[in-house]
Amino acid sequence: MTTVTLVRGDITRESVDAIVNAANSSLLGGGGVDGAIHRRGGPAILEECRKLRASRYGKGLATGQAVATTAGDLDARWVIHTVGPVWSAAEDRSELLASCYRESLRVADELGARTVAFPAVSTGIYGWPLDDGARIAVETVRAADTAVEEVRFVLFDDRAHETFVHRLGHR
Ligand code: ADP
């Protein structure tokens with residue numbers, strides 16, 4: 001049984017086995033939560049991301065996929081980088097967003113991570129409507145077949161936190 005918990009705060013302050021990063025396909029850093037993770041996690045994370053780009057991920061990480069690195073100075077063992085889809089009104093990319101959560105949990109299982117912190121992937125710079133992003137996050141995690149014991153959604157502001165509280169209440 002996976003327990004889903006909610007926290008309002010900065011994901012880089014969490015103590016968990018794995019912190020999920022809403023990365024971009026370059027894996028070489030960006031704004032939002034990605035920038036915060038690299039800033040607080042230190043250069044070891046970027047160094048490993050560069051190695052991934054030089055080896056298995058020459059073209060970068062595809063949308064909906066996930067890959068792990070060290071967590072550097074963060075209070076976690078791993079960062080799991082996943083690339084959310086950019087919101088599109090013309091095209092339904094929901095399956096790609098669901099894939100981010102599923103693939104991150106699959107990687108967490110491979111690593112043996114039991115506690116995993118997620119941000120609200122795609123709901124920042126990538127423009128996904130918060131309520132729909134929360135729905136997909138909660139539904140996908142609840143449906144996942146995983147050995148992860150706690151999925152902790154870490155929401156950066158009150159609005160995101162309240163949206164997830166509301167969503168978690170729907171069963
Ligand atoms: P994306 O490009 O996938 O939209 P962003 O990092 O822009 O990624 O935003 C994803 C979500 O993460 C947004 O809801 C944003 O408010 C939130 N966020 C930004 N910084 C942090 C942080 N330090 N901890 C947790 N969530 C954060």
Side-chain angles (χ1 to χ4, degrees), residues 4-46 49 57 60-105 107-108 113 115-141 150-168:
V4 180
T5 57
L6 302 180
V7 171
R8 183 202 174 289
D10 178 345
I11 201 167
T12 67
R13 302 285 187 180
E14 293 297 312
S15 307
V16 280
D17 291 335
I19 292 176
V20 176
N21 180 20
N24 59 61
S25 65
S26 80
L27 290 174
L28 300 178
V33 71
D34 195 6
I37 283 172
H38 282 287
R39 264 194 310 279
R40 190 169 299 278
I45 301 174
L46 189 57
C49 285
Y57 296 94
L61 184 65
T63 305
Q65 300 297 300
V67 67
T69 65
T70 173
D73 300 330
L74 298 173
D75 191 12
R77 293 176 69 187
W78 304 281
V79 169
I80 298 173
H81 306 264
T82 190
V83 181
V86 176
W87 162 257
S88 162
E91 186 186 20
D92 182 7
R93 298 176 178 165
S94 304
E95 200 34 56
L96 286 169
L97 184 54
S99 174
C100 289
Y101 291 97
R102 263 196 307 270
E103 286 298 304
S104 296
L105 290 174
V107 170
T115 53
V116 179
F118 279 96
V121 178
S122 287
T123 67
I125 297 160
Y126 282 2
W128 206 284
L130 193 52
D131 187 55
D132 198 55
R135 178 186 65 78
I136 292 168
V138 169
E139 284 180 5
T140 306
V141 162
E150 182 191 354
V151 166
R152 192 180 304 167
F153 289 111
V154 183
L155 296 321
F156 204 42
D157 55 31
D158 284 333
R159 195 171 78 90
H161 183 249
E162 274 157 29
T163 303
F164 271 73
V165 168
H166 183 72
R167 267 295 156 198
L168 209 60

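In this chain, numbering begins with 1 at the start of the sequence shown. We count ligands from 1, going down the list as the structure has it; atoms in each ligand are counted the same way. In this text, all values refer to a predicted model and were calculated from it rather than measured experimentally.
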Would you mind writing out a table of all protein N or O atoms found under 3.5 Å from any N or O atom of ligand 1, naming both atoms and giving the distance to 0.1 Å?
| unit_1 | atom_1 | unit_2 | atom_2 | d |
| --- | --- | --- | --- | --- |
| ligand 1 | 3 (O) | S122 | N | 2.9 |
| ligand 1 | 4 (O) | S122 | O | 3.4 |
| ligand 1 | 4 (O) | G124 | N | 2.8 |
| ligand 1 | 4 (O) | I125 | N | 3.1 |
| ligand 1 | 4 (O) | Y126 | N | 3.0 |
| ligand 1 | 6 (O) | V33 | N | 2.8 |
| ligand 1 | 7 (O) | I125 | N | 2.8 |
| ligand 1 | 9 (O) | G124 | N | 3.4 |
| ligand 1 | 14 (O) | T123 | OG1 | 2.7 |
| ligand 1 | 23 (N) | D10 | OD1 | 2.9 |
| ligand 1 | 24 (N) | I11 | N | 2.9 |

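With sequence neighbours left out, A108 forms a side chain to side chain contact (heavy atoms under 4.5 Å, CB included) with I80, A113, V116, V148. R135 meets the side-chain hydrogen bond (donor to acceptor under 3.5 Å, both in side chains) test with D132, E139; sequence neighbours excluded.
At a threshold of 4.5 Å between non-hydrogen side-chain atoms, the residues L97 and V121 count as touching. Looking only at side-chain heavy atoms (C-beta outward), F118 and L105 come within less than 4.5 Å of each other.
Using a distance-only test at 3.5 Å, with no hydrogens or angles considered, a donor-acceptor pair links the side chain of T163 to the main chain of R159.
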Could you pull out all donor-acceptor pairs under 3.5 Å where a side-chain atom in residues 62-76 meets a protein atom, sequence neighbours excluded?
| unit_1 | atom_1 | unit_2 | atom_2 | d |
| --- | --- | --- | --- | --- |
| T69 | OG1 | H81 | NE2 | 2.9 |
| T70 | OG1 | G72 | N | 3.0 |
| D75 | OD2 | S15 | OG | 2.5 |

